[in-house]
Amino acid sequence: MLIGTHVSQAGGLDKAVARGVERGCRSIQIFNQSPRMWRPTNYTEDDFAAFRAAIDDSPIDAVLIHAVYLINCASEDPEIRTKSLASLKQSLHVGDGIGADVVLHPGSALRGEVGPAIKRAGEVFKEALEESDHSLLLLEDTAGTGGTLGRSFEELAELIDAAGGGRRLGVCLDSCHLLASGYDVRSIEALTETLDSFDEIVGLGRLGAVHLNDSQTPLGSNRDRHANLGEGEIGEAGIAAFLSEPRFEEMAVVLETPGPDKRGTTAEEIAYAHRLRRRGLRARR
Ligand SMILES: [Zn+2]
Ligand SMILES: [Zn+2]
């Protein structure tokens, strides 16, 4: 299991690697630019090479890029879709350059109909994949209200179909979003059932990465509020179950927790995750 965390890319892509190493990570996630702006950061081939060299010298074996939050590939507004396509293509381009897969929130139908929104999103995903090389596009399961897409396994499967169902399409499951969207992950039994259902509807072969966050809000609350491990509704036992899940064994398991001072996951929390994993493994014996 490649346990790691989201780290800042401030000061250059390769700086993110050092931040991951400091925290004891086997995987990292970064933004390819400021996540709340459309304007892309333009990297050179040298930037990519420096990142790859830093990774090669580190214990980090998996890298994820989280795409910009403004992206809504399902938007009815053609201008937003055009901007979303450009931004997603840039994320995949950086992913190709540094050997990372891209995590994306599928988008929102806002007040419109869900069916056509899934179709519009699928078209954008397909075009972005056609214009990039090998990075996987991992649709993240979401938590939210209204037209938020990707809250159910059925919807994730429909989104993948709408994008053509190619082998570069996958899913990133977030423990907090699962719980908030009504999928119980608070015990070994509940997690087993949730993943069996995911396997049936989407297919475990599509699972490309996992986000591990506790949740400030309860099962089915439809609110996306990350909590530090063990401090939320999933709790220590649930997090231990998640961290000992055999089907996540080869995966990047990336924390996106607020941290003790709201500045992100610390080395201490990564060490705590390893302790909870050992506890979970003992409970499964
Ligand atoms: Zn996300
Ligand atoms: Zn997440």
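Numbering starts at 1 and runs along the sequence shown. Counting convention: from 1, in listed order, for ligands and their atoms alike.
- At a cut-off of 2.8 Å, C172 does not coordinate the Zn ion (ligand 1) through any N, O or S atom.
- Considering just the N/O/S atoms of H66, the one nearest the Zn ion (ligand 1) carries the name NE2.
- When all heavy atoms of V17 and I60 are compared, the closest pair comes out as O-CD1, 3.8 Å.
- Of all the N, O or S atoms in D174, the one closest to the Zn ion (ligand 2) is OD2.
- Although no hydrogens or angles enter the test, the distance criterion places a donor-acceptor pair under 3.5 Å between the side chain of R284 and the main chain of S244.
- The closest donor-acceptor contact from the side chain of R26 to the backbone of P59 lies under 3.5 Å.
- The N, O or S atom of E256 lying closest to the Zn ion (ligand 2) is OE1.
- In this structure, Y183 has its ring center closer than 6.0 angstrom to the ring center of F153.
- Taking the Zn ion (ligand 2) as reference, the nearest N/O/S atom within E140 carries the name OE2.
- Using a distance-only test at 3.5 Å, with no hydrogens or angles considered, no donor-acceptor pair links the side chain of D184 to the main chain of A190.
- Put simply, H211 gets within reach of the Zn ion (ligand 2), with an N, O or S atom under 2.8 Å from it.
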